[in-house]
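Structure first, then comments.
Worth saying up front: this structure is predicted, and the values here are computed from it rather than measured. Values reported hereafter were calculated over all heavy atoms of this structure, with side chains retained and with hydrogens, waters and symmetry mates removed. Both counts, for ligands and for their atoms, begin at 1 and track the order of listing.
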Amino acid sequence: RAGKNKYHLYKDMNTLSYFQNFVKLEKELKHGIKNKEFILYYQPIMEGKNKICGLEALIRWDHPKRGMISPGEFIPFAEEIGLMPEIGEWVLCEGLRQLKEWHLMGYHSLTLSINASKAQMMDNRFFDLIREMLVSKGISPSKLGIEITESDVCGYIENIMEFTNQLKEIGVKVSLDDFGTGLSSLKYLKEIQVDQIKFDRSFTNNIPINDFDSALLSGMFTLCERLDIEVVAEGVETEDQFLYLQKMNQKMQGYYFSKPVSAEQITKLLQTYEF
Ligand code: C2E
Ligand code: MG
Ligand code: MG
Ligand code: MG
């Protein structure tokens with residue numbers, strides 16, 4: 001209930017059972033990596049109601065006993081125990097493999113956004129892998145976007161700038177995810193020089209009914225335009241939200257268009273939507 005990108009230690013919990021669960025989950029995660037239990041879903045990023053301009057890769061854990069597990073339930077833990085670099089590597093490889101397939105089907109301008117965790121951004125090998133993968137798959141760097149979460153930036157600005165500067169140098173787009181949920185410091189915008197900002201769905205939720213949020217968003221959109229930063233509004237769920245944002249000419253993502261779905265389902269969507 002406290003939101004995503006958080007974890008809690010329950011101090012009054014029975015210590016033994018806490019450790020048992022911890023060890024069990026760690027074992028299962030490692031097993032899951034070895035057994036290839038992860039899959040990527042994709043959610044379209046829209047330009048207008050009928051045009052897909054890009055996709056965001058969102059990981060799922062297809063657990064043999066517990067079924068589909070959402071990233072919020074295992075990513076913070078995987079990050080904590082140091083497994084995120086390995087999982088993130090797989091996300092990058094699998095995402096780019098699939099993107100190449102779509103490019104070969106004729107959807108040449110399709111872009112892919114990938115979420116990077118803090119541990120990945122701090123690890124130099126991640127950038128090297130991105131560059132190598134793009135070359136080996138023959139994908140233009142401009143077709144890849146790396147999403148960094150606003151709250152991860154806090155306190156690590158230098159390391160993260162090193163990572164994002166390298167990305168920008170080779171032409172990979174840098175996107176600031178969940179904007180508005182962290183400290184939203186304008187200083188970060190100046191230092192990181194992101195190509196795109198994704199406004200968190202907590203803003204989209206209340207438009208156009210809430211005057212404050214609507215004014216805040218439209219003001220931020222104007223600011224972004226002046227700074228030459230592209231905007232994506234996340235979490236568009238209703239017709240009213242869509243109409244309001246369409247008037248502002250912004251890119252959008254949300255259940256109103258499509259939930260995150262499998263690659264096969266995306267291939268079908270690409271055939272029915274404008275592209
Ligand atoms: P995110 O990057 O902000 O992704 C958007 C999340 O909002 C996704 O949740 C998506 O399913 C959900 N969403 C999209 N449209 C709507 C909407 O209209 N309404 C509502 N209520 N929700 C919507 P999901 O897939 O559960 O992912 C949660 C978070 O887990 C992501 O947030 C991202 O931070 C993280 N994540 C997912 N995949 C990866 C990954 O491969 N690597 C890393 N490091 N993090 C990932
Ligand atoms: Mg994201
Ligand atoms: Mg994210
Ligand atoms: Mg987000």
Fill in: Test item: side-chain donor near acceptor, Ser262 and Gln265, under 3.5 Å
yes
Item to complete: Answer yes when Arg201 and Glu237 have at least one side-chain N-carboxylate O distance shorter than 4.0 Å, and no when they do not.
Response: no
Discussion item. Report whether any nitrogen, oxygen or sulfur of Ser113 sits less than 2.8 Å from the Mg ion (ligand 2) (N, O or S, backbone or side chain).
Written reply: no
Practice prompt. Only heavy atoms count here, so choose which of Pro71, Ser258, Ser202 is nearest to atom 35 (C) of ligand 1.
Written response: Pro71
Practice prompt. Check ligand 1 against Ser117 and write out every atom of the ligand that is under 4.0 Å from a heavy-atom position of the residue.
Written response: 44 (N)
Discussion item. I'd like to know if Lys198 pairs up with Glu147 as an ion pair, taking the criterion as any Lys NZ or Arg NE/NH1/NH2 lying under 4.0 Å from an Asp or Glu carboxylate oxygen.
Written reply: yes
Practice prompt. Report, in ascending order of atom number, the atoms of ligand 1 lying under 4.0 Å from any heavy atom of Glu237.
Written response: 17 (C), 18 (O), 19 (N), 20 (C), 21 (N)
Practice prompt. Taking the six-membered ring for Trp and the full ring for Phe, Tyr or His, determine whether the centres of Tyr273 and Phe257 are under 6.0 Å apart.
Written response: no
Worksheet item: Looking only at heavy atoms, is any part of Met84 under 4.0 Å from ligand 1, and if so is it the side chain, the backbone, or both, or is it neither?
Response: side chain
Worksheet item: Are any of the heavy atoms in Arg60 under 4.0 Å away from ligand 1?
Response: yes
Practice prompt. Flag Ser70 as yes when one of its N or O atoms lies below 3.5 Å from any N or O atom of ligand 1, and as no otherwise.
Written response: no
Discussion item. Looking at ligand 1, would Gly88 count as a contact under a 4.0 Å heavy-atom criterion?
Written reply: no
Worksheet item: Given the side-chain rings of Phe163 and Phe127, with only the six-membered ring counted for Trp, is the space between their centroids under 6.0 Å?
Response: no
Worksheet item: Is there a donor-acceptor contact under 3.5 Å linking the side chains of Thr267 and Glu264?
Response: no
Discussion item. Are Phe22 and Phe77 an aromatic pair, judged by ring center distance below 6.0 Å?
Written reply: yes
Fill in: Metal site angle (apex the Mg ion (ligand 4)), OE2 from Glu234 and OD1 from Asp178, 10 degrees
150°
Item to complete: Consider only side-chain N and O atoms of Glu150 and Tyr188, and report whether a donor and an acceptor are under 3.5 Å apart.
Response: no
Worksheet item: Looking at Glu56, which of its N, O or S atoms is the nearest one to the Mg ion (ligand 2)?
Response: OE2
Fill in: Any Lys198 heavy atom less than 4.0 Å to ligand 1
no
Item to complete: Run the salt-bridge test on Lys30 and Glu26 with the 4.0 Å N-O cut-off and return the result as yes or no.
Response: yes
Fill in: Of all N/O/S atoms in Asp177, the name of the one nearest the Mg ion (ligand 4)
OD1
Worksheet item: Short N/O distance, under 3.5 Å, between Tyr256 and ligand 1?
Response: no
Worksheet, complete the sentence: Closest to atom 2 (O) of ligand 1 (heavy atoms only, candidates Asp152, Ile87, Asp177) is Asp177
Discussion item. Salt bridge check, Arg125 against Glu89: does any charged N sit closer than 4.0 Å to a carboxylate O?
Written reply: no
Discussion item. With a 4.0 Å cut-off on N to O distance, would you call Asp128 and Arg131 a salt bridge?
Written reply: yes
Discussion item. If you measure every N or O of Thr149 against every N or O of ligand 1, does any of those distances drop under 3.5 Å?
Written reply: no
Discussion item. So for Glu79, does at least one of its heavy atoms come nearer than 4.0 angstrom to any atom of ligand 1?
Written reply: no
Worksheet item: Hey, would you say the Tyr107 and Trp102 ring centroids sit under 6.0 Å apart?
Response: no
Discussion item. Regarding Glu147, does it place an N, O or S atom less than 2.8 Å from the Mg ion (ligand 4)?
Written reply: no
Practice prompt. Please say whether Gln43 places an N or O atom under 3.5 Å from an N or O atom belonging to ligand 1.
Written response: yes
Worksheet item: Hey, mind stepping through Glu230 and Lys173 against salt bridge (Lys or Arg N to Asp or Glu O under 4.0 Å) and telling me if it holds?
Response: CA-CA 11 Å; Glu230 186 181 279; Lys173 298 270 181 332; over 6 Å; no
Discussion item. Using a 4.0 Å heavy-atom cut-off, which part of Val236 comes near ligand 1: side chain, backbone, both, or neither?
Written reply: backbone
Worksheet entry | Donor on one side chain, acceptor on other, Ser142 and Ser140, under 3.5 Å | yes
Practice prompt. Would you indicate which of Glu234, Glu73, Arg201 comes nearest to atom 7 (O) of ligand 1 when only heavy atoms are counted?
Written response: Arg201
Practice prompt. Could you list which atoms of ligand 1 come closer than 4.0 Å to a heavy atom of Lys4?
Written response: 1 (P), 3 (O), 32 (O)
Response to the item:
Under 4.0 Å from one or more heavy atoms of Gly235, ligand 1 contributes atoms 16 (C), 17 (C), 18 (O)
Worksheet item: With a cut-off of 2.8 Å, does Asp200 place any N/O/S atom under that distance from the Mg ion (ligand 4)?
Response: no
Worksheet item: Distance only, no hydrogens: is a donor on one side chain within 3.5 Å (strictly under) of an acceptor on the other, for Asn115 and Glu56?
Response: yes
Worksheet item: Can an N or O of Val91 be found at a distance shorter than 3.5 Å from an N or O of ligand 1?
Response: no
Item to complete: Could you tell me which atoms of ligand 1, counted from 1 in the order shown, lie closer than 4.0 angstrom to a heavy atom of Pro260?
Response: 11 (O)
